[in-house]
Amino acid sequence: MKTAVFSAKPFEVDAMEKANVKQTHQLVYLKEQLNENTVTLAEGCQAIAAFSNDNLSAPVLDKLSGIGIKHITLRSAGYDHVDLKHATKLGMLVANVPEYSPYSIGEHAVTMMMNLNRKIRLADRRLRAYNFELDPLVGFDMHGKTVGIIGTGKIGAVVVRILHGFGCKLLGYDVNKDEKLTEKYGLQYVSIEELLENSDIISLHCPLNESTKCMINADAISKMKKGVMLINTSRGAIVSTEDAIKGVESGHIGYLGLDVYENEKGLFFYDHSDQPGKDPLLNRLLEFDNVLVTGHQAFLTETALRNIAETSLYNLGCFEKGQSCPNLLS
């Protein structure tokens, strides 16, 4: 199946090529992001492989359908960037990669916690200037701290297991409770209000939908402990950036770790070093020593890239053969 791979990055191409060895797909790698202006690059293809920052809104889907695209495989677990109802209306089949490596993201979340706690970035910068004073580098023991995990699916469960090893007290909030996490790791499910009020550290691992959009806002932050650490490796729009900045400025948020950012589309995954500083909110975030931002790299491990590539091509194989696809969304 001839497939246009939009937003193709060098780190993906190798994994896709290795996964395609046993397949017969003709992959057309496009560095361009999918939007209304780039749809025509997929002409002559039967399918597209889209990344998490590609635009799959109704107008784009209409144009894709107009050039004969009927199959879409997402190189991501999340699908909030896809108008699934419209895709179904157009008769398009859309599949995702529901699980590629929960360890990659869960481990990155804990890495951000430890980096902020032990002030690794600040320590490195000071040491490179030959300043070995320790005064501003005091951290805290993770052991005994209360960590609230919002979203205890596969990724949240990895965080639970790691933090249990640290000796943390674990609180969880999820519409679907995993009793095994309670039995094995002592995770206590509580209301969202109780989690916000009692957690020293809060880590977000929930999908983006109408109920979670900007769920971390001024009201939610006001309920948190003063000096709380907030980590987001899920979706940028779950956190109101403006409210988070105000929380950091006031000292209510003591530490902020973001692998995702509310306004990251068109910004993350690209080199803007020749024109830096055009996003005022991101610029403000980067001014704080107690804020750590990574560019949506939590998923970026060799294992995850291999699994994403293999599952994406598996989905294409199902489409081509007319077989039922277990990863089908529409």
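Residue numbers start at 1 and run along the sequence shown. These numbers were taken from a predicted model, which means no experiment stands behind them.
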Can you find a heavy atom in the side chain of [X] that is under 4.5 Å from one in the side chain of [Y]?
X: Arg306; Y: Thr303; value: yes
X: Thr152; Y: Lys177; value: no
X: Met114; Y: Ile120; value: no
X: Leu56; Y: Leu61; value: yes
X: Cys168; Y: His143; value: no
X: Leu90; Y: His86; value: yes
X: His272; Y: Lys278; value: no
X: Leu305; Y: Tyr100; value: no

ring-ring contact (aromatic ring centres under 6.0 Å, His included) between Tyr270 and Phe268, worked out: CA-CA 6 Å; Tyr270 299 97; Phe268 283 10; over 10 Å; no
With clusters defined by side-chain heavy atoms of hydrophobic residues (ILVMFWY) lying less than 4.5 Å apart, directly or transitively, does [Y] cluster with [X]?
X: Val160; Y: Val147; value: yes
X: Ile155; Y: Met113; value: no
X: Tyr314; Y: Val5; value: no

I need the minimum non-hydrogen distance between [X] and [Y], along with the two atoms involved.
X: Val190; Y: Tyr173; value: O-CD1, 3.4 Å
X: Ala4; Y: Leu30; value: CB-CD1, 3.9 Å
X: Arg75; Y: Ser312; value: CG-OG, 3.7 Å
X: Tyr261; Y: Leu282; value: OH-N, 3.4 Å
X: Leu171; Y: Ser199; value: CD1-OG, 4.0 Å
X: Ala47; Y: Met1; value: CB-SD, 3.5 Å

Pairs satisfying side chain to side chain donor-acceptor pair (under 3.5 Å), at least one member in residues 51-60, at least two apart: Ser7-Asp54, Asn55-Ser57
How many angstroms lie between [atom1] in [X] and [atom2] in [Y], if you round to the nearest 0.5 Å?
X: Tyr255; Y: Ile201; atom1: OH; atom2: CD1; answer: 9.0 Å
X: Leu64; Y: Ile48; atom1: CG; atom2: CD1; answer: 5.0 Å
X: Leu93; Y: Ile69; atom1: CG; atom2: CD1; answer: 12.5 Å
X: Asn37; Y: Leu34; atom1: CG; atom2: CG; answer: 10.5 Å
X: Asn290; Y: Arg121; atom1: CG; atom2: CZ; answer: 9.0 Å

Taking only residues two or more places apart in sequence, or in another chain, which ones meet Lys154 in a salt bridge (charged side-chain N to carboxylate O under 4.0 Å, His left out)? Glu99
Check salt bridge (charged side-chain N to carboxylate O under 4.0 Å, His left out) between Lys31 and all other residues, then give those that pass, not counting sequence neighbours. none
With side-chain contact (heavy atoms from CB on, under 4.5 Å) as the criterion, how do Lys169 and Gln188 come out once you've worked through the C-alpha distance, each side chain's angles and the decisive distance to 0.1 Å? CA-CA 9 Å; Lys169 178 181 178 182; Gln188 180 184 355; 4.3 Å; yes
Would you find more than 12 non-hydrogen atoms of other residues, nucleotides or ligands less than 6.0 Å from [X] atom [atom1]?
X: Glu17; atom1: CD; result: yes
X: Glu179; atom1: CD; result: yes
X: Arg118; atom1: CZ; result: no
X: Lys265; atom1: NZ; result: yes
X: Glu197; atom1: CD; result: yes

Taking Lys180 first and then Glu183, would you say they form a salt bridge - that is, a charged N and a carboxylate O separated by under 4.0 Å? no
Indicate yes or no: does Lys145 engage Asp141 in a salt bridge with an N to O separation below 4.0 Å. no
Would Leu195 and Ile202 count as a side-chain contact (heavy atoms from CB on, under 4.5 Å) here? Give the steps. CA-CA 8 Å; Leu195 185 148; Ile202 297 173; 4.2 Å; yes
What verdict does the side-chain contact (heavy atoms from CB on, under 4.5 Å) test give for Phe11 and Leu300, after you've listed the backbone C-alpha separation in whole Å, the side-chain angles of each residue and the deciding distance to 0.1 Å? CA-CA 9 Å; Phe11 60 75; Leu300 198 61; 3.6 Å; yes
Donor-acceptor pair, distance only, cut-off 3.5 Å: does the side chain of [X] make one with the backbone of [Y]?
X: Lys119; Y: Val138; answer: yes
X: Asn198; Y: Glu194; answer: yes
X: Asn117; Y: Phe140; answer: yes

Counting only pairs under 3.5 Å, give me each side-chain donor-acceptor contact of residues 323-330, with atom names and distances, residues two or more places apart or in other chains.
unit_1	atom_1	unit_2	atom_2	d
Asn327	ND2	Asn315	OD1	2.9
Ser330	OG	Met92	O	3.3

Any side-chain donor near an acceptor of the partner, Thr212 and Asn209, under 3.5 Å: yes
Taking distance alone, no hydrogens or angles, what donor-acceptor pairs closer than 3.5 Å link side-chain atoms of residues 101-110 to residues at least two apart or in another chain?
unit_1	atom_1	unit_2	atom_2	d
Ser101	OG	Ser104	N	3.2
Ser104	OG	Ser101	O	2.7
His108	NE2	Thr294	OG1	3.1

Paired with Leu316, the side-chain contact (heavy atoms from CB on, under 4.5 Å) test is passed by just one of Thr311, Ile72, Thr73, namely Thr73
Among Ile150, Val175, Asp174, find the residue that satisfies the side-chain contact (heavy atoms from CB on, under 4.5 Å) test when tested with Cys206. Ile150
What's the verdict on side-chain hydrogen bond (donor to acceptor under 3.5 Å, both in side chains) for Thr38 and Glu32, showing C-alpha distance, side-chain angles and the deciding distance? CA-CA 7 Å; Thr38 60; Glu32 289 81 4; over 6 Å; no
Parallel under 30°, tilted from 30 to 60°, perpendicular over 60°: which one fits the rings of Phe269 and His296? tilted
Can you give each donor-acceptor pair under 3.5 Å made by side-chain atoms of residues 214-233, sequence neighbours left out, with the distance rounded to 0.1 Å?
unit_1	atom_1	unit_2	atom_2	d
Asn217	OD1	Asp219	N	3.2
Asn217	OD1	Ala220	N	3.0
Asn217	ND2	Cys214	O	3.2
Asp219	OD2	Lys223	NZ	3.4
Ser222	OG	Asp219	O	2.5
Lys225	NZ	Asp200	OD1	2.9
Asn232	OD1	Ser234	N	3.0
Asn232	OD1	Ser234	OG	2.6
Asn232	ND2	Arg235	O	3.0

Residues Arg284, Glu249; criterion side-chain contact (heavy atoms from CB on, under 4.5 Å); working and verdict: CA-CA 10 Å; Arg284 182 64 181 125; Glu249 289 174 336; 3.1 Å; yes
